[in-house]
There are 2 protein chains.
Amino acid sequence: MKLSVRGEYALRALLVLGLNYGDHVVRIQTISDDQKIPKRFLEQILNDLKSAGIVESKRGLAGGYRLARHPRDITLAAVVRHIEGALAPVSCVSERYYEKCSCPDETRCPIRNVMKEVREAVVKIVERVTVAELCERAQRLKEEPLSALDYII
Amino acid sequence: MKLSVRGEYALRALLVLGLNYGDHVVRIQTISDDQKIPKRFLEQILNDLKSAGIVESKRGLAGGYRLARHPRDITLAAVVRHIEGALAPVSCVSERYYEKCSCPDETRCPIRNVMKEVREAVVKIVERVTVAELCERAQRLKEEPLSALDYII
DNA sequence: TAGAATCTCTACTGTTTCACTCAAGTTTAT
DNA sequence: ATAAACTTGAGTGAAACAGTAGAGATTCTA
């Protein structure tokens with residue numbers, strides 16, 4: 001998995017929507033200001049997330065976006081898969097975006113074998129982490145003093 | 001981590017060199033035929049691996065490539081890092097290819113927090129797996145009957 | 001009901017990356 | 001000498017990336 005700027009923006013926008021989860025709707029402009037994301041670009045991205053059923057919108061004055069589901073039901077995996085495509089490092093180990101690769105014998109390819117492990121490790125994390133957890137982590141990070149690790153890693 | 005075709009070719013070439021590790025040298029043409037990699041492209045890649053000290057060459061007739069170190073001392077991490085750059089899903093969590101991202105407060109960004117975990121999970125695998133292990137796996141995969149899992153995952 | 005603020009949709013654009021390809025050179029075994 | 005190999009640097013067409021632009025549709029408010 002490699003996140004493009006687009007994917008990163010998507011996650012950051014969803015974080016804002018998660019932190020503001022409730023009845024009301026958040027304007028693009030607000031998210032754009034808060035997260036320093038180019039507005040027109042963000043429009044595209046949110047629209048895209050809407051078509052994926054991750055987000056819903058209200059039009060007109062006092063319009064904006066909100067999460068289409070509970071933050072607890074939106075996994076990072078779903079978001080990244082929709083924006084970026086495969087989570088796997090090579091498409092021959094991808095479940096949803098599988099593509100045959102050119103190697104002589106895919107079923108006995110040791111590289112593929114390792115890449116499967118990588119894929120599993122990544123999926124295990126992003127399938128477990130939801131927007132709700134992102135919000136909790138944000139809370140925790142705000143309260144906790146910074147650990148030394150933050151500077152090293 | 002996302003592997004480009006280039007990176008995949010690099011690993012496959014190294015696998016061949018690993019399987020032929022010894023005194024003699026392997027020709028580009030041989031690797032190209034064996035792995036179905038466009039020859040001129042492979043030349044570039046091997047040259048690149050040479051500049052990284054991963055591989056060494058002998059010129060002239062009866063020339064070719066061999067591993068510059070013992071297969072046990074070449075990790076996938078080193079190879080991928082040289083060919084693709086960062087292993088991390090976003091550069092703000094990369095150790096060697098760090099780049100600041102545009103988010104309001106990097107040290108308290110929960111997305112970054114998750115991406116760190118992803119990075120760690122990936123690094124843990126590719127830093128442990130060497131070309132030697134790739135060869136062992138190739139051996140094992142050749143001998144073992146295919147497990148049902150191979151078709152599902 | 002006019003107008004302004006919002007989302008919607010499509011298209012465009014400049015830059016970079018990707019996956020090669022090509023040409024001309026250097027080295028070395030026979 | 002020659003042919004088969006690596007070396008080096010440049011070129012190329014297509015696609016992806018990160019936006020930008022414009023015209024339109026919707027809806028709240030005055």
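Heavy atoms only: backbone and side chains are in, while hydrogens, waters and symmetry mates are out. Chain letters run A, B, ... following the sequence lines, proteins first and then strands; every chain starts at 1.
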Base, sugar-phosphate or nothing for [X]? Non-hydrogen atoms, less than 4.0 Å.
X       : result
B:Ile28 : sugar-phosphate
B:Arg27 : sugar-phosphate
A:Gly60 : base
A:Glu43 : base
A:Lys39 : nothing

Measure the distance from [atom1] on [X] to [atom2] on [N] and round it to the nearest whole Å.
X       : N      : atom1 : atom2 : value
A:Leu49 : C:dC7  : CG    : P     : 14 Å
B:Ile83 : C:dC18 : CD1   : P     : 11 Å
B:Arg59 : C:dT30 : CZ    : C1'   : 19 Å
A:Ile45 : C:dT8  : CD1   : C1'   : 15 Å
B:Lys2  : C:dA19 : NZ    : C1'   : 14 Å
B:Ile31 : D:dA5  : CD1   : P     : 12 Å
B:Lys50 : D:dA5  : NZ    : P     : 17 Å
A:Gln44 : C:dT6  : CD    : P     : 20 Å

Heavy atoms from other residues, nucleotides or ligands near CZ of A:Arg72 exceed 12 (cutoff 6.0 Å): no
Between B:Gln44 and B:Asp48: side-chain donor-acceptor atoms closer than 3.5 Å: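 Side chains of B:Gln44 and B:Asp48: no pair found under 3.5 Å.
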Side-chain H-bond candidate by donor/acceptor type, B:Ser102 with A:Lys36, under 3.5 Å: no
Under 4.0 Å from OP1 or OP2 of [N]: is there any side-chain N or O of [X] that close?
X       : N      : answer
A:Tyr65 : C:dT8  : yes
B:Arg6  : C:dA19 : no
A:Tyr9  : D:dA18 : no
B:Asn47 : D:dT8  : yes
B:Ser57 : D:dA5  : no

Ionic contact status for B:Glu84 with B:Arg6, cut-off 4.0 Å: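 A salt bridge is absent here (no side-chain N lies under 4.0 Å from a carboxylate O).
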Note: B:Glu117-A:Arg137 ion pair, threshold 4.0 Å (strictly below):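 The answer is yes: the pair qualifies as a salt bridge.
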Donor-acceptor pair (no angle test) under 3.5 Å: B:Arg40 side chain, C:dA23 base: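 For B:Arg40, whose side chain was compared with the base of C:dA23, there is a donor-acceptor pair (under 3.5 Å).
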Pairwise 5' ranking along DNA chain D for A:Gly7 and A:Leu61, keeping only the more 5' one: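 Counting from the 5' end, the first nearest nucleotide belongs to A:Gly7.
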